[in-house]
There are 2 protein chains.
Amino acid sequence: MTARREENAVGLPRNYLRPCLLLLLAEGTAHGYELLEQMSTLGIDRVDPGGLYRCLRAMDEDGLVRSAWEPSTSGPARRTYELTDEGRQWLHVAAGSLAEVVRTLDRYHARYAEIAERHEPVR
Amino acid sequence: MTARREENAVGLPRNYLRPCLLLLLAEGTAHGYELLEQMSTLGIDRVDPGGLYRCLRAMDEDGLVRSAWEPSTSGPARRTYELTDEGRQWLHVAAGSLAEVVRTLDRYHARYAEIAERHEPVR
DNA sequence: CGTCGTAGGTGCAACATACAGATAGCGGGT
DNA sequence: ACCCGCTATCTGTATGTTGCACCTACGACG
């Protein structure tokens with residue numbers, strides 16, 4: 001039970017993190033913590049740092065990004081991530097998929113509106 | 001490893017099945033197998049029957065739908081599902097959440113288009 | 001009788017995500 | 001010197017959602 005985060009709510013697409021990170025990296029090289037903060041500008045707050053770093057490493061292994069340790073002048077060392085050509089391609093594909101999702105969801109909504117009308121007469 | 005079903009592609013929202021079934025049921029009482037076939041009209045092909053029936057039973061337990069066995073004249077017995085008021089409410093909420101998802105995805109796309117422009121100059 | 005179409009169902013493994021820490025460097029305050 | 005808070009990365013584990021592979025059962029048709 002444990003009242004989980006929120007009674008099974010419908011949420012963002014599966015595997016949404018990857019396209020988000022790729023987009024941010026397409027806008028410019030960055031390191032993990034920076035990306036973590038910028039995620040909120042994409043409409044996601046409360047990103048799990050663990051998941052984010054794991055995702056970055058997975059993308060590194062998949063060759064979508066290239067990483068390099070950057071000795072910091074102050075504070076702990078940071079790993080900067082740079083998008084590869086393959087990553088850019090992947091981003092393009094993902095953007096297409098997301099557009100497809102939007103189309104599907106629009107169809108859903110149109111259909112929902114139709115039946116909702118029947119319940120709430122024109123005011 | 002097992003060659004993963006499909007290179008981790010980005011897909012539809014989490015828990016999308018529920019809102020879909022609720023919408024179809026809002027259009028009229030139906031039984032599982034019927035819903036299974038109608039799912040394709042919502043843009044989802046290849047729905048897993050197991051998952052669908054499980055989802056229906058879960059919604060029944062949650063009070064979103066009411067089910068009744070219908071003795072069939074020919075073929076196996078079928079269980080018909082009817083939307084409850086609570087289910088209708090839930091559908092409304094879910095539709096709102098999905099609209100929110102679309103808004104988020106639109107923002108994503110706008111931002112993607114901006115950087116894509118830089119790579120493909122105006123032709 | 002075998003097989004097809006209808007109808008509902010179980011069990012399990014893989015995967016994605018959430019939660020909860022651990023570690024570690026640096027700077028500021030006391 | 002010590003702790004605290006901020007930056008920064010990472011691990012371990014529980015939980016939830018999905019997909020895959022099956023199984024049962026009824027009726028009709030050849």
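We use all heavy atoms of the structure for the numbers below, so side chains are in, but hydrogens, waters and symmetry mates are not. Since the model is a prediction, treat every value here as computed from it, not as a measurement. Note on naming: letters A, B, ... go to the chains in the order of the sequence lines (proteins, then strands), and numbering restarts at 1 for each one.
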For a quick test of reading the model: is some side-chain N or O of [X] closer than 4.0 Å to OP1 or OP2 of [N]?
{"X": "Tyr33(B)", "N": "dG8(C)", "answer": "no"}
{"X": "Tyr53(B)", "N": "dG8(C)", "answer": "yes"}
{"X": "Asn15(B)", "N": "dG16(D)", "answer": "no"}
{"X": "Arg57(A)", "N": "dT11(D)", "answer": "yes"}
{"X": "Arg14(A)", "N": "dT18(D)", "answer": "yes"}

Which of the following nucleotides, dA21(D), dA28(D), dG27(C), is nearest to the side chain of Asp48(B)?
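Shortest atom-to-atom distance from the side chain points to dA21(D).
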Any side-chain heavy atom of Ser67(A) sitting closer than 4.5 Å to one from Leu56(A)?
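A side-chain contact is absent here, since even the closest heavy-atom pair is not under 4.5 Å.
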Between [N] atom [atom2] and [X] atom [atom1], what is the distance in whole Å?
{"X": "Leu52(B)", "N": "dT6(C)", "atom1": "CG", "atom2": "P", "result": "16 Å"}
{"X": "Glu61(B)", "N": "dG9(C)", "atom1": "CD", "atom2": "P", "result": "11 Å"}
{"X": "Leu56(A)", "N": "dT11(D)", "atom1": "CG", "atom2": "P", "result": "13 Å"}
{"X": "Asp62(B)", "N": "dG16(D)", "atom1": "CG", "atom2": "P", "result": "13 Å"}
{"X": "Leu35(A)", "N": "dT7(D)", "atom1": "CG", "atom2": "C1'", "result": "14 Å"}
{"X": "Arg79(B)", "N": "dA25(D)", "atom1": "CZ", "atom2": "C1'", "result": "16 Å"}
{"X": "Arg46(A)", "N": "dT17(C)", "atom1": "CZ", "atom2": "P", "result": "16 Å"}
{"X": "Arg18(A)", "N": "dT17(C)", "atom1": "CZ", "atom2": "P", "result": "11 Å"}

Distance-only donor-acceptor check, side chains [X] and [Y], under 3.5 Å:
{"X": "Asp45(B)", "Y": "Ser40(B)", "answer": "no"}
{"X": "His92(B)", "Y": "Gln89(B)", "answer": "no"}
{"X": "Thr41(B)", "Y": "Arg111(A)", "answer": "yes"}

Starting from the 5' end of DNA chain D, give me the residue, Gly75(A) or Gly51(A), whose nearest nucleotide shows up first.
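The residue mapped nearer the 5' terminus is Gly75(A).
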Please figure out whether Gly50(B) or Leu36(A) has its closest DNA chain D nucleotide nearer the 5' end.
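This one resolves to Leu36(A).
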Step by step, work out the salt bridge (charged side-chain N to carboxylate O under 4.0 Å, His left out) result for Asp60(B) and Arg57(B).
CA-CA 5 Å; Asp60(B) 199 348; Arg57(B) 255 175 302 140; over 6 Å; no
Please figure out whether Tyr81(B) or Glu37(B) has its closest DNA chain C nucleotide nearer the 5' end.
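So the residue in question is Glu37(B).
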Do the charged groups of Arg18(A) and Asp62(A) touch, with an N to O distance under 4.0 Å?
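Judged by the 4.0 Å cut-off on N to carboxylate O distance, Arg18(A) and Asp62(A) do form a salt bridge.
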Asp106(B)/Arg103(B) salt bridge by N-O under 4.0 Å criterion
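Looking at Asp106(B) together with Arg103(B), the answer is no, because their closest N to O distance does not fall below 4.0 Å.
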Tyr108(B) side chain to Pro19(A) backbone, donor-acceptor under 3.5 Å:
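Yes: the side chain of Tyr108(B) pairs with the backbone of Pro19(A).
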Test for a donor-acceptor pair under 3.5 Å between the base of dG12(D) and the side chain of Arg54(A), counting only N and O atoms.
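Such a pair exists between side chain and base.
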Which residues, if any, of residues 21-29 of chain A bring a heavy atom under 4.0 Å of DNA chain D?
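Correct list: empty, so none.
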